[in-house]
Structure formats: structure tokens, C-alpha cells
A.B. asks: 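A single structure is presented below for examination.
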Amino acid sequence: MLVRVLTQLLVVITLLTIVSTAAFVGRYRLRDTRLEWRRRLRAVAPITVLLAVVLLFNSVARQVVPELSWILDWNLTWAIYDLEGQFIVWLQSQATPTLTAYFSFIYIYGYIFLLVFPVVAYFALSNTRPLRELLAAYTLNYALGLVLYVFIVAYGPRNVMPELVEALLYDTYPQYQHLTRQVNRNTNVLPSLHTSLAATVTFMAYRTRGVYPGWFLLATVLGISVAISTMYLGIHWAIDVLAGIALAYVSVTAAARLVGRWSASTWLRNRVSSIRKR
Amino acid sequence: MTGSVSDGCDRPLVGRRAVLAATTGLTVGTSGCVRRVRSIVNRDGIDQLSLTITTVPADGDRESILLARAVRAAFEDAGMDVRIEMRSQEEFFRSVLINHDFDVYVGQHPGGVDPDYLYEALHSRYVDEAGWQNPFGFSNLAFDDVLEAQRAADGDDREEAVADTLEALAAEQPFVPICVPDEYRLARTDRFDGWDDASLATRTALLGLEPVGDDADDRTLRVVHTDARPAENLNPLMVEYRDQGGIADLVYDSLATETDDGDVTPWLATDWEWDDGTMTVDLREDCQFHDGETLTAEDAAFTYRFLADTTLGGDVAAPSPRYRGRVASVESVDDLDEHRLELSFETGAPAAERALTVPVLPKHVWEERSEVPSVPGVRVAGGTTEALVTDNVPPIGSGPFRFTEWQERDYVAFERFDDHFTLEDGVDRPEPTVAALRVSIDPRSTSAIERVADNDADVTTLPLESYVVDDVLESSREDVRVLETPSWSFYHLGFNARKAPFGNPRFRRVVGRLLDKEWLVEDVFDGHARPVATPVTPEWVPDALEWNGEDPAVPFLGEGGRLNETAVRDAFEDAGFRHDGDRLRVSR
């Protein structure tokens, strides 16, 4: 079951990425990439390793975080529901089969495409800075998100108002349950990591709108769709989404300041030469 | 005299000669004034009643949160200020059953086939204990008497004693029973048959299945379980992780086992004799635990002592939160020889037989778990032992299935225990016919159903959530069967009688009348439940408490789910509370 879902996911994302690469990146950039890929890989290697480490740590920590959160026991679910429960009710009342199909597609496929495509697109640029900033922002999202998850216990709308969302994602497409169950623990809804990563891509697309104007437009549409889909499908509250956007803003701003401040290769070179001098 | 001071607070002093008087008067007057202020300030306020309903989120139990929200709506209409607190299942049970830290809660009670479970659920001697032993903090000496009479009674007297208990219960409403949900499960019939031989909620459910087709001998039974907790912890004593669906029970044997109609039949015991309060139990010979150690009467005797106090005689006794009520009737226990056990009771035979249904624990594993656990830098609460907090992985029992491996929150795998007594020749008890058992966790009914339909699983072990039942009943497939099993666990609203005003039976009775159980059954359970006035199986319900279209004990104060506000206000005022039309006011 899981294998089938994952294969389907892989095929769809690959197709979308190929089409978008053809549309936004263009032949010349790809040609240059073929010549320069080694240099670019070396430039982004350190931050990629850091991201991989954070992701690995995250996957282990996700098992432990709920245990810690319940020891602290700062449960915000009711406060959030009391404040804005009616908004989700209103949003749910707009549901139509077409919208549900659209937002389910966006929540799974659109989201992953949104994360994957800019990596390809920025790798095709001879300036590696956007790619390094993007990966640094991803890293910050995961790291800061995890810290917030430790402190906050909050259940999403589908756990409070199951009757509203029952026709949506998991019941309409139960196969996705297998997919998302691997990724999400149900007490971790604040902030919405789906929103924050999508918004990160959108903010980055804004910064690179000079190079990829078309992508900026598409990323904005997809970013907003992902944010709405998380609420429409009853997975997140509006507050989670706002917190996600704030987290994205912080991550992108911090990434812009931090990237390039330390250079792993210069540091290594200095070490090596200082050892040689001795 | 001028300037006489009668009331130091209001009148200004006038005139010269008043100065002298004022000196004394000021003292007198000021003290009078301050006393008045004191009288005002030190009166506690009479405020709107605000309370918290504790429950689990939809991932834990979809019906509980829906009920909690419906209850909240009714309470708000009755003028209370209500918030809902959602806790994960294990935290919910920890708050309600162990820490008693709640106002009211909504959830499922395991109930019992035999009404004797009410003894442990409501007797005042259990007010301070953890587990399903009186989590309500309900204490009433007169009620204790009827519980004891019920427990001591035999035969025909018992029926009457039980009826008395239930009528007293309906009058007191220490909790409001709401409904008993219908239990539906799905099973594939193309790999195994023999499904309805036992209720899936009992120990023997997964035993005695008939493999269908060729090479059936080394087949794995694939179970899909909608509760992740068996893949987190396998401790049979922890009430936070165990309620229905006895996955952990498969690892253990008990001396006797309870069938779905409440009969107690021999299991690990071959037989027992009852002689006026003394029970002599004969154990099967040559039984082993999964680690190869022999099971003897010493292990059984140890089990009863250990469940009564897991510290085995420490300063603060720590009874096991589970099985506590069943073993409480045991006065003393002795192993006469390797296969013979003597238990003495102060109760009648039916209550005594229930004591035989607890899992027999291996002494060599559990004896050392009587120690107090330690966490660096944390003061461990009294009454905590290693036995009550350990994950117990791998579990060592003597039961029909032996634990092999697990992936946390994902699956638990077992294999058939080839040395189990049911597999011996000449033993006519349901036996494990499958070579292995794999319990996969899938938290939602819809995906569990899909797994069965796609031939990824053979059976759903927990009842399906009621919102999918209609779909399941409509879609008929040849190779999938819908099993309807009798149920005795019930949804209820529990009060914490340790807190005002929930200790007041008049208050609880009015609150009971705020719930339209029939409407809740339609609204929350899509009709797949039956509203109840009393929490026992139908054959025990006395005529006076038979459901007759409305609750005979606490009839709803309104119609069709809508409260009649005047009636609510009158009911609260009759019960001695103040209601100003909008708000229910209490002093707390």
C-alpha cells in the first residue's frame, strides 16, 4: 500500500519537475549546469550536509518530542479553538468535491513539488547563493519548528471537529493516511510546517523574481494554496498557518544574513595551511 | 452631645467638642467600618459555575470528543461556563484514573459482563486508589452497603440485590451512563473461518480459527488495530495503555476465563471447588512461561499478592490499578503444592470466580519490579513501583502467543507458543491455530476497512467508529464478513465528587437531565448505540430502569436535543442552586 502511494508520488513529482524545468529554467541554464555542476555541488555541500543532519535528528526526535511535550503539558488546543474555531467551520462550509480534490492534490503533491522544484531551479543558476539560502532556510524551519513542538501541545481541527472534516483527505483518500502517518504526530500542529516551508519557497521566489519571474507567480499561487489546504482539510488552525508564515519569514531573513558568513572551504583551507606551516 | 458617632463610615464629624469624642469615636467607628468591609470582603463570591470537560481527541476516540462538545453545548445552555481539555489517551487516563485531576470527563467505561464490576467502580474504600476503582471519588456509606450485599449474595437473592444496587445508582448518578455503542468488526473469510465463535472482545477471540485452503498451517493472522497503544507498551497492569481489545491478554493466561455471556470457565486451572468461602483450584501440569520456566501454583499465588500490593509490603501500598477490584475479594492465598492453590473469600461464589480471571504473572520476572523506580533529579510519587511504569517489552507470559518483535507505534508481532496447554492432546479448549500473529496499527477506521478489503489484513480487532458503520453494512462483499459482537462498555459522563458542586447528588441528578441520550445516540453515533439508564448488560436491567423512550431515572429537561430553559432553571433552583436565567451561580 505504502509502496504504491510512494511510487505514484515519485512519478507525479518527477513529471511536474521536468515540465517546470523546461518552462522556467530553459536550455541555456541547463547547458551551463552541465559544465559547472561540480563547482556548484561543492559550494552547496556544507549546507546540504547540515540539512541532512537536521532532518535525521528530526526524524529521531519526532518520537521523543510528544513525550517531552506531555511532561511540560502546555496544551493550547482549547485556547485556539475558542479564539478561531468558527473560522474553520466557515471554511469547511465552502467545501465542494472539486475544491476537496484540488486541495488534497495540493496538500500532498503540490507541497512536495513546491519544495523540490526550487532546488533544481536554483541549482541551475551559476550563482549558488539562492540555493544555499534556500537550504539554510529549510534547515532553520525544521530546527525552529521542532523547538516549538516541544513546548506546545495542540491538536488540529480534525481532532476537535471530526464531523466537519470526515469527508476530506483521509476518508476520501485513505491511502494518504499511510503517507502522512509516517511524517506527522497529531499533537504537533503549531506552527504548520507545511505552511512555513511553502511560504519559505514563496519568499525565496520573491527574492529571485528577477531571474525566475514565472516561478515567482506559480510559487505564490501554490504557496497560498498549500496554506489554505492545511486549514481546508482540517489539519491546521489559522493560527498555525500564521505562525508558519512568521516562521518562514524568520527563517528566510536569518538565512539571508547567515549564508556566506562562514565558509567551510575557507576554514578547511586555513586549517590545512596552518598545519602545513608547522 | 454633638458629634456623636453612630456610623463611622458615613457621617463627617462636626464641631470642636467633637474632637475629644472623635478620638474614641474614631476608634470605635473605624473598627465598625473595617468590620463591615471585612464582612464584605471575606465573603466568598457566588460566581457562574465554570468547569472543564476532559476528553480525548478524535484520533483517540471520535465519539468522545463529539459527545464532549454536545455536552458542552447543553451545559452552556444551562448557564455554565465550559471549556474542553483534550488529552492523548494515555494522558487522559493518567489525569482521570491516576491523578484524579479533572472536573468532569466524557469517555468510555470498560464496564463488565457481570454487574459486580460496580463494586470496584463505586465503593468508597477505593476513593484514593488509581485505576477504574472509583475514579469519581464517590463515597456513600449506604451505597457501600448495597454494593456489599450484592457481592455477598448467591443465586436468586443476587438478582434482587443487583436490582437494589442499580436503583440506588440511578438515584445517586455518580456518573451519567449515556449509551452502549453497537460493536461492528470486519473479518475476511477467505483465509480463516470460525469468526463468530467468540466475541472479539474476549481472550479467546483469536483462538480456534479455522484456516481455509491449502498450506494453512504456517499462516500468519494479520490483525489491524486502530489504537496505537499496544505498540507503545505491553504492561498488563497499566491502566493508561490497556482498556479494551486485549492484545496484551494473548501473552498471558488466567486461571479461568470469562465468556461473553458472563460465565467463568476453567482455563489454566483444570477445575476448582467452592466450599463456603474457600476455593481450591487445581492447575494444569507442565505449563511453561515463554522463557522456558515452569509455571506453578507459586506463580499464581504470587500474582494475587502482587496485584494487591506491587510493593510487596512497602511503606505505601501500591495496588495494581488494573484487576484491583477482582482480586480485592481474595482474603488470603496459599499454594498447597506445585499444582494446587487455596484461596479464601468473604464474598459469594460469583464474585469469587471473577478473581480467577486475572493474568498469571511469572514471579521470577515481576518480583524485582516491586522496587521504586528512579529518575535522576525527580521525586517519585509514593505508591509508584517499577511494575506500574515499565513498558514490559518483551512480555513474558504463558499465553497462547509469544511476543517476537515490534516497531514502536507501527506493529507488534507474535508467534504461536507451541508449548501452550491448549495444543496438548486431550485438552478441549480453543487453541492458537495460526503460526504467527501480526498486529498492525492503523489509527482510522476508514483505512482499517480498506486494509481488510484489499486483503492486507484479516480482521479489525477494535470496533469500527460508528460513522463508517452504515457504509460497511451497505457494501456487501463475498469474502468479508461484518461481525456484530455484544458489548458492555459504555460512554458516560463522569463527575469528580471530590470537587464542589459535583459531590452533590442533587446537582448530578439535574446535570443528568441536561443530556438527551436518545438524541445523542442519533447525532453522535448515527443510531448505532442504545441509550441506557443503567450501565449493565440487558439481562440485569430491572424493570424500573428499562429504557422506555426516555430515561426513567433522569428524564431529559426538554425535547429533541433542545433544553427547556425555564425547566432547567427551576430544576437547579429546586436542587438548591441559584440561577439568574442566564447563568448558573454557585459558591465554590
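Predicted model, so just to flag it, every value in this text is computed and none were measured. Residue numbers begin at 1 in each chain, while the letters A, B, ... track the order of the sequences.
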A.B. asks: Just how far is it from atom CD of E163(A) to atom CG of D526(B), taken to the nearest 0.5 Å?
C.D. replies: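 Atom-to-atom, E163(A):CD and D526(B):CG are 11.0 Å apart.
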A.B. asks: Quick one: what part of T52(B) sits under 4.5 Å from any heavy atom of chain A, side chain, backbone, both or neither?
C.D. replies: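 It is neither, since no heavy atom gets under 4.5 Å.
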A.B. asks: For Q94(A), look at atom CD and say whether over 12 heavy atoms of other residues, nucleotides or ligands are found less than 6.0 Å away.
C.D. replies: yes
A.B. asks: How close do M86(B) and W70(A) get, counting heavy atoms only, and between which atoms?
C.D. replies: O-CH2, 4.0 Å
A.B. asks: For R83(B), is it the side chain, the backbone, both or neither that has a heavy atom under 4.5 Å from a heavy atom of chain A?
C.D. replies: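 Both parts, heavy atoms under 4.5 Å.
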A.B. asks: What part of R87(B) gets closer than 4.5 Å to chain A, counting heavy atoms only: side chain, backbone, both or neither?
C.D. replies: both
A.B. asks: Out of E90(B), E85(B), R69(B), which one racks up the most heavy-atom pairs below 4.5 Å with chain A?
C.D. replies: R69(B)
A.B. asks: So, does Y155(A) use its side chain to make a donor-acceptor pair with the main chain of S88(B) at under 3.5 Å?
C.D. replies: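 Yes, Y155(A) side chain to S88(B) backbone: donor-acceptor pair under 3.5 Å.
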A.B. asks: Let me know which of R62(B), E63(B), R444(B) forms a side-chain contact (heavy atoms from CB on, under 4.5 Å) with P162(A).
C.D. replies: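 For P162(A), the side-chain contact (heavy atoms from CB on, under 4.5 Å) test succeeds with only one of R62(B), E63(B), R444(B), which is R62(B).
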A.B. asks: Please classify the contact of I84(B) with chain A as side chain, backbone, both or neither, using a heavy-atom distance under 4.5 Å.
C.D. replies: both
A.B. asks: Looking at T77(A), V160(A), N159(A), which one forms a side-chain contact (heavy atoms from CB on, under 4.5 Å) with P57(B)?
C.D. replies: N159(A)
A.B. asks: Once rounded to the nearest 0.5 Å, what's the spacing between atom CZ of R158(A) and atom CG of D59(B)?
C.D. replies: 4.0 Å
